[in-house]
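Ligands are counted one by one from 1 in listed order, and the atoms in each one are counted from 1 as well. The residues of the chain are indexed from 1 along the displayed sequence.
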Amino acid sequence: MKIIIIGAGPGGYETAVEAAKRGIEVVLVAGGPLGGTCLNEGCIPTKTFCHYAELIEGMSRAEALGITAAPAFDFAKVAERKDAVVVQLREGIGQLLKNKLITVVEGKASLKGAQTVVVDGVEYSGDKIIIATGSVSASLSIPGADLPGVITSKEILELTDVPKRLIVIGGGVIGLEFASIFKSFGSDVTVLEYAPTILPRFDTDLAKRLKLALGKRGIKIETAAQVTGIAKAGGGLAVSYVAKTGEASVEGDLVLMAVGRRPNLESLNIADLGIEFTRRGIVVDENLQTNVPGIYAIGDIVGGMMLAHAATFHGLRALNHICGVSDSIDFGIIPAAVFTMPEAACVGMTEDEAKAAGIAVKCLKSQFRANGKAVSMDDTEGFCKIVVREEDGALLGCHLFGPHSADIIQEVAALLTRHATLSDLQSIIHAHPTLGEVIQSAAHI
Ligand code: NAD
């Protein structure tokens with residue numbers, strides 16, 4: 001068996017490694033650096049910045065906690081370390097692929113048939129093809145969207161200076177993470193969000209509380225703001241928008257466009273092969289197979305939740321299908337996190353989604369301010385909300401907002417995957433004192 005995988009992000013390269021472990025011959029076509037968007041211009045460099053932002057915020061509170069220090073912030077060094085982290089991890093992937101005897105072909109692949117791809121004029125054939133080419137930043141068709149100084153999440157990670165004034169268009173995951181980071185780095189930050197709330201796809205209580213917390217840190221957030229154009233103004237840029245109160249405008253030095261991402265279909269030639277796709281991405285069945293038998297598509301390219309871990313598990317399902325192995329992966333249970341300060345994380349249904357589906361639910365809530373570890377850490381902003389089905393106590397979802405939420409949510413993801421009930425959760429002994437006890441406190445309300 002031979003598989004050709006197009007794209008070397010967390011979907012493509014992890015699937016390549018897993019396939020090689022199963023004795024399958026793999027050709028991995030890398031259209032960009034190994035590790036894809038996640039490693040090179042997404043999750044990893046952003047989280048490295050987040051770590052610095054946390055250090056800065058911690059130091060700003062240190063004096064009140066009895067530590068006197070005079071912190072100095074050297075952005076060049078921060079950027080240097082961010083790049084070093086990326087290089088270290090990318091070299092690790094290269095070594096892993098080498099160890100597994102995976103053939104890596106650099107270049108953009110184009111499909112020539114159900115079993116053939118072409119890269120720089122050279123044909124490669126395999127029994128199956130997996131497309132994992134990811135996504136690219138979307139933009140708005142408004143005047144001035146292509147002006148210098150209007151940047152994407154890729155370019156903001158390449159800055160050599162911290163902007164004095166940063167305007168973020170889009171109060172989704174990317175927009176809020178960079179708003180939070182650059183506020184800590186010293187920028188004056190304004191977020192313009194089209195929807196009535198930030199993080200429109202998240203739990204409404206969580207979105208409200210996060211907006212308040214970011215506001216307390218001095219980040220200006222305008223929701224229900226329809227951006228109409230960007231123009232040069234003085235030495236910077238002015239973004240015009242229609243707000244609840246009428247027409248308005250805000251000036252900044254840089255504008256981050258963070259209004260979502262679109263599937264990267266570049267050079268694939270999928271239309272000629274008759275592969276079905278929509279504006280959201282390539283259409284696949286529950287095994288991630290396209291309408292052309294033997295061609296699979298995984299990760300951001302199929303739309304939905306554009307998350308690295310979703311891509312990896314899509315790849316695992318596709319591979320299992322190719323190998324005739326069944327699995328119990330549940331794509332309805334994908335935890336998601338927002339690395340703002342405080343962090344937010346969720347898994348499963350929101351209260352609103354359950355109600356819209358006609359499910360009677362009760363919501364159990366606990367607060368980080370009642371958690372001993374959070375109080376010792378002087379990091380008490382946040383809450384935990386668990387959504388439980390009234391009828392039988394089944395756990396349906398969890399929405400967290402507070403320190404280390406992204407780590408804490410894993411427990412509930414595990415429980416949801418095993419179809420646990422509230423009473424199952426209540427009987428799990430949690431270590432004390434830990435932040436994870438917020439889950440148990442909510443369960444015992
Ligand atoms: P998103 O969909 O999370 O947010 C885009 C936001 O832009 C939405 O709130 C939307 O209402 C808003 N918007 C759309 N048009 C607008 C307009 N004209 N004016 C103002 N606001 C407008 O998309 P994103 O933040 O760009 O992230 C892209 C993808 O990457 C998402 O799927 C996200 O989950 C993923 N991602 C995940 C992480 C993580 O796991 N921590 C981090 C970054 C990105």
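For A336, the closest heavy-atom approach to ligand 1 does not fall below 4.0 Å.
Considering backbone and side-chain N/O of L140, none are found under 3.5 Å from N/O of ligand 1. For ligand 1, the polar-atom distance check finds no N/O of F339 at less than 3.5 Å from any of the ligand's N/O atoms.
Closest to atom 1 (P) of ligand 1, if we only count protein heavy atoms, is R201 NH2, 3.7 Å. In this structure, the protein non-hydrogen atom closest to atom 32 (O) of ligand 1 is M306 CB, 3.4 Å. Protein heavy atom in closest approach to atom 4 (O) of ligand 1: G172 CA, 3.2 Å. The protein heavy-atom contact nearest to atom 21 (N) of ligand 1 is Y194 N, 3.1 Å. Among protein heavy atoms, the minimum distance from atom 38 (C) of ligand 1 is reached at V173 CG1, 3.4 Å.
Interatomic distance, CG of D300 versus OG1 of T133, reported as 9.0 Å (0.5 Å rounding).
Residue L214 comes nearest to M341 through the heavy atom pair CD2-O, 3.7 Å, listed as atom of the first residue, atom of the second, then distance. What you find for S139 and M257 is that their closest heavy atoms are OG-CE, 3.7 Å. Summarising the geometry of G348 relative to E353, their closest heavy-atom pair is O-OE1, 4.2 Å, with the distance given to 0.1 Å. The two residues G315 and I298 make their nearest non-hydrogen contact at CA-CD1, 3.6 Å.
The heavy atom nearest to atom 27 (O) of ligand 1, considering only V168, I174, V259, is found in I174. Between the choices R261, E343, H309, E193, the shortest heavy-atom distance to atom 29 (C) of ligand 1 belongs to R261.
For the residue pair Y296 / H321, a side-chain donor-acceptor distance below 3.5 Å is found, with atom types taken as modelled. A side-chain N or O of E411 and one of H430 form a donor-acceptor pair less than 3.5 Å apart.
When side chains are defined from C-beta on, V438 does not count as touching F383, because their heavy atoms never get closer than 4.5 Å.
Below 4.0 Å from some heavy atom of I169 lie the following atoms of ligand 1, by number and element: 19 (N), 20 (C). Less than 4.0 angstrom separates some heavy atom of L192 from each of these atoms of ligand 1: 20 (C), 21 (N). Near P200, the atoms of ligand 1 lying under 4.0 angstrom from a non-hydrogen atom of the residue are 9 (O), 11 (O). Within ligand 1, counting atoms from 1 as listed, the ones closer than 4.0 Å to a heavy atom of G260 are 5 (C), 23 (O), 24 (P), 26 (O). Residue A258 has at least one heavy-atom neighbour below 4.0 Å for each of these atoms of ligand 1: 5 (C), 6 (C), 7 (O), 26 (O). For ligand 1, the atoms sitting less than 4.0 Å from at least one non-hydrogen atom of L307 are 34 (O), 37 (C), 40 (O), numbered in the order shown with element in parentheses.
Contacts between Q226 and ligand 1 below 4.0 angstrom, taking non-hydrogen atoms only, are absent altogether. Within the 4.0 Å heavy-atom criterion, the part of A337 lying near ligand 1 is the backbone and not the side chain. At a heavy-atom distance under 4.0 Å, no atom of M305 approaches ligand 1. The residue T46 has no part lying near ligand 1, judged by heavy-atom distances below 4.0 Å.
Remark: the backbone N or O of L396 is not paired with any side-chain donor or acceptor of R389 at under 3.5 angstrom. Between the side chain of N287 and the backbone N or O of Q289 there is no donor-acceptor pair closer than 3.5 Å. The backbone N or O of S240 lies less than 3.5 Å from a partner atom in the side chain of T228, making a donor-acceptor pair.
For an aromatic pair to be called close, the ring centres must be under 6.0 Å apart, and F182 with F185 satisfies this.
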